[in-house]
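To start, the structure itself, in structure tokens.
We count ligands from 1, going down the list as the structure has it; atoms in each ligand are counted the same way.
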Amino acid sequence: MTAELMRSTTDADTVHPSPTADTRGRGLHDLRISVTDRCNFRCVYCMPKEIFGRDHAFLPQEHLLSFEEIVRVTRAGIANGVRKLRLTGGEPLLRRDIEQLVGMLSRLRTADGHPLDIAMTTNGTALAHKAASLRAAGLSRLTVSLDSLDDEVFRRMNDIDFPVARVLDGISAAQAAGFASIKVNTVVKRGVNDHDVLSIAEHFRGTGITVRFIEFMDVGTTNGWNLEEVTPSVEVIARIDAVHPLEPLPARYPGETATRWRYRDGAGEIGVISSVSAPFCGSCGRARVSADGKLFTCLFASGGHDLRALLRAGCSDAALEASLAGIWSARGDRYSELRSAMGSDSSSRQGERVEMSYIGG
Ligand code: SAM
Ligand code: SF4
Ligand code: SF4
């Protein structure tokens with residue numbers, strides 16, 4: 001362990017607050033760090049096989065932020081207001097010794113001294129044997145992506161013929177490990193899995209697991225996005241409500257991505273993430289860090305700010321915090337609102353954009 005790391009994880013890490021607002025008055029609350037750009041799945045809406053083939057050049061190991069560097073970036077985020085951290089990817093469970101990183105991060109405290117809320121989004125393929133060790137390392141919340149319960153559809157969507165039963169086993173292992181919160185993410189693609197919405201909702205009704213149905217988004221440039229393939233959240237809600245009546249719930253905090261609904265009979269809740277039909281840029285306080293240490297202030301940004309270069313040039317914690325503050329205070333992103341204003345013209349999108357597997361979902 002380096003001296004820097006010893007310091008960063010043994011001081012109980014109560015970092016003093018210096019909340020930073022962007023040009024639209026949005027604070028930085030939520031940091032999502034991609035720990036690898038690699039994935040064992042080739043989900044059709046994220047890493048299509050034709051583009052991410054056998055010879056695809058993923059980042060070399062030395063380009064990835066080290067665990068010590070991830071801890072430093074997180075500390076700088078906390079100093080600028082971050083209260084929630086999400087580890088993502090690519091597939092985060094492919095990163096070797098990920099439990100060790102979770103353990104290091106779990107010792108950090110928010111600016112007002114609370115334990116940092118650490119979540120992870122995973123495809124669940126390695127959960128059956130990793131859930132207990134992740135929980136023991138201090139992971140607070142888990143989101144598992146699951147697009148269909150129909151094995152054939154699931155295998156087609158992950159495009160590596162992976163059986164849905166093994167992801168369901170992973171979710172059971174997470175329940176047994178005692179996670180305080182488990183969520184399921186379902187990306188709904190019209191004509192592909194929109195007919196599965198009700199069965200997924202019913203499978204998790206009454207289990208304490210909240211399913212969040214996500215509108216298929218135009219992230220990156222390789223997933224062949226088309227507005228016709230988006231199933232709007234109102235349709236998802238209507239389909240479930242017709243069988244199991246729902247009522248809306250208020251947001252738990254400003255900037256919550258999902259709109260919440262509860263079953264009127266008390267069997268739990270579901271959420272919808274309507275980034276296409278009802279953009280929520282107005283309250284977006286999320287920053288993303290790619291596996292090679294670039295900071296992106298919007299999921300749809302074309303370029304990032306190279307934090308790794310700063311870290312490896314020996315910058316101090318104070319300089320890193322100031323750099324983050326400078327980047328965030330210049331931020332004016334509101335891509336989804338602009339896409340919405342473009343209407344159907346939005347399918348003819350211009351310019352370079354990073355892929356979700358690189359920037360982190
Ligand atoms: N591999 C992990 C997983 O799938 O859970 C974490 C990374 S993945 C990029 C994070 C989330 O982004 C997943 O829930 C995935 O379904 C979602 N996602 C990926 N591409 C998407 C798209 N085009 N539209 C909407 N959600 C997408
Ligand atoms: Fe991999 Fe997650 Fe993208 Fe699917 S959504 S290809 S599991 S990174
Ligand atoms: Fe935030 Fe950008 Fe998504 Fe808008 S489009 S909600 S600013 S990440």
Side-chain angles (χ1 to χ4, degrees), residues 22-24 26 28-30 32-49 51-52 56 58 86-95 119-127 142-148 154 157-160 162 167 170 183-189 192-193 211-226 229-231 233 255-258 273-276 278-288 290-291 296-302 331-340 346 353-361:
D22 71 5
T23 60
R24 300 179 169 272
R26 299 168 295 188
L28 170 60
H29 300 302
D30 196 333
R32 300 185 175 201
I33 300 187
S34 171
V35 294
T36 177
D37 60 334
R38 289 166 199 263
C39 189
N40 52 335
F41 276 11
R42 287 293 177 271
C43 300
V44 289
Y45 51 75
C46 179
M47 295 178 79
K49 232 180 202 167
I51 311 287
F52 295 88
H56 182 77
F58 289 102
R86 180 169 294 274
L87 299 177
T88 178
E91 173 46 41
L93 295 183
L94 292 187
R95 179 81 187 248
M120 179 183 285
T121 307
T122 169
N123 63 22
T125 52
L127 261 189
L142 201 56
T143 301
V144 184
S145 301
L146 179 75
D147 296 327
S148 181
F154 186 75
M157 287 186 83
N158 64 56
D159 217 10
I160 62 152
F162 196 89
V167 175
K183 293 195 174 84
V184 162
N185 271 2
T186 302
V187 175
V188 187
K189 246 191 122 176
V192 179
N193 66 336
V211 184
R212 283 139 21 124
F213 295 97
I214 306 175
E215 289 178 349
F216 172 38
M217 281 189 285
D218 50 335
V219 274
T221 52
T222 61
N223 68 7
W225 186 84
N226 181 319
E229 289 180 311
V230 178
T231 307
S233 295
E256 192 169 28
T257 48
I273 301 183
S274 320
S275 352
V276 179
F280 37 80
C281 302
S283 58
C284 175
R286 281 175 291 284
R288 292 177 164 84
S290 63
F296 292 83
T297 54
C298 177
L299 187 51
F300 298 90
S302 55
R331 173 190 194 241
D333 303 292
R334 54 185 196 106
Y335 173 83
S336 288
E337 283 181 357
L338 298 174
R339 177 223 294 113
S340 193
S346 55
R353 287 217 307 258
V354 286
E355 298 300 325
M356 198 150 174
S357 53
Y358 165 71
I359 194 178

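Listed by number with element, the atoms of ligand 3 under 4.0 Å from a non-hydrogen atom of S336 are 5 (S). When each atom of ligand 1 is checked for a heavy atom of F216 under 4.0 Å away, the hits are 23 (N), 24 (N). Atoms of ligand 1 found under 4.0 Å from any heavy atom of N123 (numbered from 1 in listed order, with element): 2 (C), 3 (C), 5 (O). Counting the atoms of ligand 3 from 1 in the order shown, those under 4.0 Å from a heavy atom of L299 are 2 (Fe), 8 (S). Close approach of ligand 1 to I214 (heavy-atom distance below 4.0 Å) involves ligand atoms 25 (C), 26 (N). Near T121, the atoms of ligand 1 lying under 4.0 angstrom from a non-hydrogen atom of the residue are 2 (C), 5 (O), 6 (C), 10 (C). Set against the non-hydrogen atoms of E91, the atoms of ligand 1 under 4.0 Å away are 1 (N), 2 (C). Atoms of ligand 3 found under 4.0 Å from any heavy atom of F300 (numbered from 1 in listed order, with element): 5 (S). Numbered from 1 in the order shown, with element, the atoms of ligand 1 that lie under 4.0 Å from a heavy atom of M356 read 9 (C), 12 (O), 17 (C), 18 (N), 19 (C), 20 (N), 21 (C), 27 (C). Residue N185 approaches ligand 1 through these ligand atoms, each under 4.0 Å from one of its heavy atoms: 14 (O). Within the listing of ligand 1, atoms 6 (C), 7 (C) sit less than 4.0 angstrom from a heavy atom of T88. Close contacts of ligand 2 with M47, meaning ligand atoms under 4.0 Å from a residue heavy atom, involve 6 (S). Those atoms of ligand 2 with a heavy atom of C43 less than 4.0 angstrom away are 4 (Fe), 5 (S), 6 (S), 7 (S). Atoms of ligand 2 lying under 4.0 Å from any heavy atom of N123, numbered from 1 in the order shown and given with element: 7 (S). Ligand-side atoms of ligand 3 in range of Y335: 5 (S), range being under 4.0 angstrom from any heavy atom.
Ring planes of F296 and Y358: perpendicular class, angle over 60° (limits at 30 and 60°). The aromatic rings of F52 and H56 lie tilted to each other, with the angle between the two planes from 30° to 60°.
A donor-acceptor contact shorter than 3.5 Å links the side chain of E91 to the backbone of N123. With hydrogens and angles ignored, the 3.5 Å screen pairs a side-chain donor or acceptor of D147 with a backbone N or O of V187. The backbone N or O of V144 sits nowhere less than 3.5 Å from a side-chain atom of T122 that would complete a donor-acceptor pair. Looking only at distances, no side-chain donor or acceptor of R26 sits under 3.5 Å from a matching main-chain atom of S283. No donor-acceptor distance shorter than 3.5 angstrom exists from the side chain of S34 to the backbone of I359, with no hydrogens or angles considered. Looking at E337, its side chain never comes within 3.5 Å of a backbone N or O of P279 through a donor-acceptor pair.
Every residue meeting the side chain to side chain donor-acceptor pair (under 3.5 Å) condition with D333, not counting sequence neighbours, appears here in chain and number order: T297.
Considering each of R212, M157, E215, M47, the one bringing a non-hydrogen atom nearest atom 25 (C) of ligand 1 is E215. Considering V44, V230, T122, V187 only, the shortest heavy-atom separation from atom 16 (O) of ligand 1 involves V187.
Scanning the protein for heavy atoms near atom 20 (N) of ligand 1, the closest one is Y45 CD1, 3.3 Å. Of the protein's non-hydrogen atoms, C46 SG, 2.4 Å is the one closest to atom 3 (Fe) of ligand 2. Protein heavy atom in closest approach to atom 24 (N) of ligand 1: M217 N, 2.9 Å. Looking from atom 14 (O) of ligand 1 to the surrounding protein, the closest heavy atom is S145 OG, 2.7 Å. Among protein heavy atoms, atom 7 (S) of ligand 3 sits closest to D333 O, 3.6 Å. Protein heavy atom at the shortest distance from atom 1 (Fe) of ligand 2 is C39 SG, 2.3 Å. From the protein, the heavy atom lying nearest to atom 4 (Fe) of ligand 3 is C281 SG, 2.3 Å.
Contact analysis puts G89 in contact with ligand 1, with a non-hydrogen atom separation below 4.0 angstrom. Heavy-atom separations between G90 and ligand 1 include at least one value shorter than 4.0 Å. Using a 4.0 angstrom heavy-atom cutoff, G90 counts as in contact with ligand 2.
Considering only heavy atoms from C-beta on, N226 stays 4.5 Å or farther from F216 through its side chain. Contact of the D218 side chain with the Y335 side chain is registered, since non-hydrogen atoms from C-beta on lie closer than 4.5 Å. Side chains of F280 and I273 form a contact here, defined as non-hydrogen atoms less than 4.5 Å apart. Side-chain contact between Y45 and M157 is present, with at least one heavy-atom pair separated by less than 4.5 Å. A 4.5 Å side-chain heavy-atom check between T143 and R86 finds at least one atom pair inside the cut-off.
The pair D159-R42 does not count as a salt bridge, with every side-chain nitrogen at least 4.0 angstrom from each carboxylate oxygen.
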Intermediate values then yes/no, side chain to side chain donor-acceptor pair (under 3.5 Å), T125 and N40:
CA-CA 9 Å; T125 52; N40 52 335; 3.0 Å; yes

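Among the backbone and side-chain atoms of C298, none of the N, O or S atoms lies under 2.8 Å from atom 4 (Fe) of ligand 3.
Between the side chains of R286 and T257, no donor-acceptor pair is found at a separation under 3.5 Å.
Residue C46 has no N or O atom closer than 3.5 Å to an N or O atom of ligand 1.
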